[in-house]
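To start, the structure under review is shown below, and the notes come after it.
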2 protein chains.
Amino acid sequence: MGKDFSSKTPIYLQIIQHICSQIIRGDLQPGEKLPSVREMALKMGVNPNTIQRVYMELERESLAEARRGQGTFVTENRDRLQQLRLDLKHDRIKTFIADMTEMGFTTEEISLGLVEYFAKSLNEGDK
Amino acid sequence: MGKDFSSKTPIYLQIIQHICSQIIRGDLQPGEKLPSVREMALKMGVNPNTIQRVYMELERESLAEARRGQGTFVTENRDRLQQLRLDLKHDRIKTFIADMTEMGFTTEEISLGLVEYFAKSLNEGDK
DNA sequence: CTAACTGTACTATTACCTTATAACACTAAT
DNA sequence: ATTAGTGTTATAAGGTAATAGTACAGTTAG
C-alpha cells in the first residue's frame, strides 16, 4: 500500500501537502488524532524518520500538536485551519498565474485553456 | 547579478524552466546561440557544472543542440517548440486543477478565486 | 509495577545536488 | 602552429533527503 511519490520533490513535503489537503477538506477534523509516527510510516511506505519530520513541520506551522505518549493531533484552532485554506488557495492561484505569465501566456489563453481542460475532463468522465 | 533560487527545487531544474520560458516566449529564437557554459554560469551565479547539466537536459529533450567548440544552440525544429509550448500549457493547467481539486476546492471556487486574483492585480497595477 | 503504545533523539549509510578545480577535445581566428 | 573560446569529463568536498536501526522518554491500560 501507498507509494507513488514524485522524484522531483522531497517526500516529506509531498506528505505534508497530502495531510494539509485532508485537513482543509475536513477528512481530518480539528482535534482528531493522526496515525502514530510508525503507523503512518507503514501506511505511506516510508521511513518513520520521514514522518517524524512531517509531524514536526505540521507542529511548527501550528497545524498539529504532539503529545508525548499520546499521539499527534490536528489543531483545534479553527481560525488557523480556515486561514490555511485561504492561504493555500491564494498561493496556488498566485503561483499558477505567475508561472503561466512568465511563459508568455495571455490571460485569454489561460482562460481558454482552463475551459478546454474542463470540457475534456467531462468527456472522459462519460466513459 | 542573478541568484534568487527557491530552495525547494534543484537549481538546475529552475534554470531549465527559465530557459524554456524564454524559448516559448520567443526571447530565444530557433537556432539562436545560448551563452556558453561558463558565461551562463557567471550570469546565473552558479557553478559551470550545473549549467552543463542544464544544457545536457535541454539536448536530451531535443530543445537544444550542442556543437563542440562552437556553442549550444536552440533547436531549429519549430514543431518541437510548438509542441513544447502546448505541452507546458496543458501540464501546468492539469497540475493546477489536480492540486486544487485534491484540496477540495470546487470549480466555482477556483473560478472565483482566479477572477478575484486578477481584479486585485489590476488594482495594484494602478499605483 | 509492567507492558505496550506514544513522541523524540541519535548514529550510520546511501544518494543526489551543488560547488571548486582541473584537465581534455574540438573549432575558429590569427 | 598558436591562441582563445567552445563543449566535455573527472575528482574531491560539503549539504540535504531518505533509509535503517537503536535507544530514550512520557502516557495509558492491565
Side-chain angles (χ1 to χ4, degrees), chain A residues 1-20 23 28-76, chain B residues 1-20 23 28-76:
Chain A
M1 230 29 86
K3 34 179 138 188
D4 53 323
F5 296 110
S6 158
S7 59
K8 289 173 190 168
T9 297
I11 292 177
Y12 82 97
L13 288 179
Q14 297 182 51
I15 295 180
I16 287 175
Q17 168 59 32
H18 182 248
I19 294 180
C20 280
I23 290 179
L28 288 172
Q29 289 290 321
E32 186 171 342
K33 181 178 178 300
L34 294 172
S36 78
V37 169
R38 296 164 179 81
E39 194 179 344
M40 180 65 99
L42 224 63
K43 183 178 167 187
M44 305 294 281
V46 139
N47 192 279
N49 289 332
T50 304
I51 302 298
Q52 168 62 21
R53 178 156 189 188
V54 168
Y55 283 5
M56 220 172 53
E57 280 298 311
L58 290 176
E59 187 158 26
R60 203 180 56 79
E61 294 184 28
S62 303
L63 297 176
E65 294 166 17
R67 299 176 205 145
R68 223 189 180 97
Q70 300 183 44
T72 304
F73 302 81
V74 178
T75 182
E76 301 195 24
Chain B
M1 227 26 90
K3 36 179 137 189
D4 54 321
F5 297 110
S6 158
S7 60
K8 290 174 191 168
T9 298
I11 292 177
Y12 82 97
L13 288 179
Q14 296 181 53
I15 296 180
I16 287 175
Q17 169 58 33
H18 181 249
I19 295 181
C20 280
I23 290 179
L28 287 171
Q29 289 290 320
E32 187 171 342
K33 181 178 176 303
L34 294 171
S36 79
V37 169
R38 295 163 180 82
E39 194 179 342
M40 180 65 100
L42 224 63
K43 184 178 169 188
M44 305 293 281
V46 137
N47 191 278
N49 290 333
T50 304
I51 302 299
Q52 169 61 21
R53 177 155 190 187
V54 168
Y55 284 4
M56 218 173 54
E57 280 298 312
L58 290 176
E59 188 158 25
R60 204 179 56 76
E61 294 184 27
S62 303
L63 298 176
E65 295 167 16
R67 299 174 206 147
R68 222 189 180 99
Q70 299 183 44
T72 304
F73 303 81
V74 178
T75 182
E76 301 194 25

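Scope of the values below: all heavy atoms of this structure, side chains included, with no hydrogens, waters or symmetry mates. Order of the sequence lines fixes the chain letters, A, B, ..., with proteins taken first and strands second; residue numbering starts at 1 for each chain.
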TODO: Measure from the side chain of B/Ser36, starting at C-beta and using heavy atoms only, and say which of D/dA18, C/dT19, D/dT6 lies closest.
DONE: D/dT6
- [ ] Using only side-chain N and O atoms of A/Gln70, determine if any of them is under 4.0 Å from OP1 or OP2 of D/dT28.
- [x] yes
- [ ] Measure from the side-chain heavy atoms of A/Val37 and tell me the nearest of D/dT8, C/dG7, C/dT18.
- [x] C/dG7
Open item on the list: Any base atoms under 4.0 Å from B/Arg53, or only sugar-phosphate, or nothing? Heavy atoms, all strands.
Closed with: sugar-phosphate
Open item on the list: Nearest to the B/Asn49 side chain among D/dT27, D/dA10, C/dT18, which nucleotide is it?
Closed with: D/dA10
TODO: Search all heavy atoms of A/Met40 against all heavy atoms of A/Ile51 and return the closest pair with its distance.
DONE: CG-CD1, 3.6 Å
Open item on the list: Using the side-chain heavy atoms of B/Asn47, tell me which of these nucleotides is nearest: C/dT19, D/dT6, C/dT8.
Closed with: C/dT19
Task: Per B/Gln52 side chain, nearest of listed nucleotides C/dT6, D/dT8, C/dT19 - done: D/dT8
- [ ] To the nearest Å, give me how far apart OH (A/Tyr55) and P (C/dT8) are.
- [x] 11 Å
Task: Which residue lies more 5' along DNA chain D, comparing B/Thr72 with A/Thr50 via nearest heavy atoms - done: B/Thr72
Open item on the list: Of the options D/dT19, C/dT8, D/dT8, whose atoms approach the side-chain atoms of B/Arg38 most closely?
Closed with: D/dT8
Open item on the list: By nearest atom, which of the nucleotides D/dT8, D/dA17, C/dT18 is closest to the B/Glu59 side chain?
Closed with: D/dT8
Open item on the list: Applying side chain to side chain contact (heavy atoms under 4.5 Å, CB included) to B/Cys20 and B/Leu63, what does each step give before you reach the verdict?
Closed with: CA-CA 9 Å; B/Cys20 280; B/Leu63 298 176; 3.9 Å; yes
TODO: Find the distance A/Lys33:NZ to C/dC5:P and express it as a whole number of Å.
DONE: 12 Å
Open item on the list: Both B/Met56 and A/Arg67 contact DNA chain D. Which one's nearest nucleotide lies toward the 5' end?
Closed with: B/Met56
Open item on the list: In this structure, how many angstroms lie between the C1' atom of C/dT19 and the OH atom of B/Tyr12, rounded?
Closed with: 16 Å
Task: Options D/dT6, C/dC26, D/dT28, nucleotide nearest the side-chain atoms of B/Arg68 - done: C/dC26
Open item on the list: Donor-acceptor check, side chain of B/Glu57 to backbone of B/Ile16, threshold 3.5 angstrom: yes or no?
Closed with: no
